[in-house]
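If you read the sequence from its start, that first residue is 1, and numbering goes on from there.
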Amino acid sequence: MDIIITGRKVNLRDNFKDMVRDKLSKFDRIFGESEKAYVTVTVESRYQRVEITIRHQNKVYRSESDTDDMNESLDNAINAIGRQIRKNKSRLQKQIRSEVIDDYIAHDKFDVSDAGENKIEIARTKKIPVKPLSVEEAILEMDLVGHQFYMFTNCETDEINVVYKRKDGKYGLLEPSGN
């Protein structure tokens, strides 16, 4: 796996980069050498964030962790990726080299207490009216109802869109890509 390491507001030491490569190498046997893993380390005054993104075919495995220690953030983010792999084991076996999934799961060292073991439970189903709105109006509606996201029909494109509130306080927009 090709690992691209980026530091934001920090110059990363070679020993940390080596540790990242070593810890992510356990995913090589699952994803193969042609995949890319993007690791971004951000240092702020209150936290040190490690974000890991692995792209495989049409799927994205992503995790991030904020702690006051860069190594702990790295461990937490790698554990989260491991939980995603374990949780999606049955789906992954159809797409990834299935012979290594069982071996990986059997020998993992991840805390999987919240992995759910392939159990997806829908607690509530809700039908909502999807009104034609502009993006700005949808953001206002979302703020009025106090939600983190809001689905609407974009009046400019006539397609279903979703606006959402990001962790940094800004807003995001999800649009269908047509693929």
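Residue Pro176 comes nearest to Ile160 through the heavy atom pair CD-O, 3.2 Å, listed as atom of the first residue, atom of the second, then distance. Contact detail for Met1 and Leu24: the closest heavy-atom pair is CE-O, 3.4 Å.
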Using residues 125-153 as the side-chain source, report each donor-acceptor pair under 3.5 Å to any protein atom, sequence neighbours left out, with the distance given to one decimal.
{"from": "Ser134", "atom 1": "OG", "to": "Glu137", "atom 2": "N", "distance (Å)": "3.2"}
{"from": "Ser134", "atom 1": "OG", "to": "Glu137", "atom 2": "OE1", "distance (Å)": "3.4"}
{"from": "Glu137", "atom 1": "OE1", "to": "Ser134", "atom 2": "N", "distance (Å)": "2.9"}
{"from": "Asp143", "atom 1": "OD1", "to": "Tyr171", "atom 2": "OH", "distance (Å)": "3.4"}
{"from": "Asp143", "atom 1": "OD2", "to": "Tyr171", "atom 2": "OH", "distance (Å)": "2.9"}

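Put simply, CD on Gln84 and CD1 on Ile81 are 4.5 Å apart, with the number rounded to the nearest 0.5 Å. To the nearest 0.5 Å, the span separating CE on Met70 from CG on Asp75 amounts to 12.5 Å.
Contacts classified as side chain to side chain donor-acceptor pair (under 3.5 Å) and involving residues 2-16 (residues at least two apart or in different chains) are given here: Lys9-Glu44. A salt bridge (Lys or Arg N to Asp or Glu O under 4.0 Å) check over residues 145-161, counting only residues at least two apart or in different chains, returns nothing.
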- Message: side-chain contact (heavy atoms from CB on, under 4.5 Å), that's the test. Do Ile78 and Leu74 meet it? Break it down for me.
- Response: CA-CA 6 Å; Ile78 288 175; Leu74 174 65; 3.7 Å; yes

- Take Ser65 and Val50, measure what side-chain contact (heavy atoms from CB on, under 4.5 Å) needs, and give me the verdict at the end. CA-CA 6 Å; Ser65 176; Val50 174; 5.5 Å; no

- Task: Kindly determine whether Tyr61 and Ile52 satisfy side-chain contact (heavy atoms from CB on, under 4.5 Å), including the steps that lead there.
- Result: CA-CA 8 Å; Tyr61 299 89; Ile52 301 174; over 6 Å; no

- Task: Might you work through the side-chain contact (heavy atoms from CB on, under 4.5 Å) test for Val10 and Gln48, ending with a clear yes or no?
- Result: CA-CA 10 Å; Val10 65; Gln48 296 183 13; over 6 Å; no

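Among residues two or more places apart in sequence or in another chain, the side-chain hydrogen bond (donor to acceptor under 3.5 Å, both in side chains) test is passed with Ser73 by Thr67. Arg62 meets the side-chain hydrogen bond (donor to acceptor under 3.5 Å, both in side chains) test with Glu51, Glu64; sequence neighbours excluded.
Taking Ile, Leu, Val, Met, Phe, Trp and Tyr as members and joining any whose side-chain heavy atoms lie under 4.5 Å apart, directly or through other members, Tyr47 forms no hydrophobic cluster with any other residue.
Cluster membership check: Leu12 does not share its hydrophobic cluster with Tyr38, using side-chain heavy-atom separations under 4.5 Å among Ile, Leu, Val, Met, Phe, Trp and Tyr.
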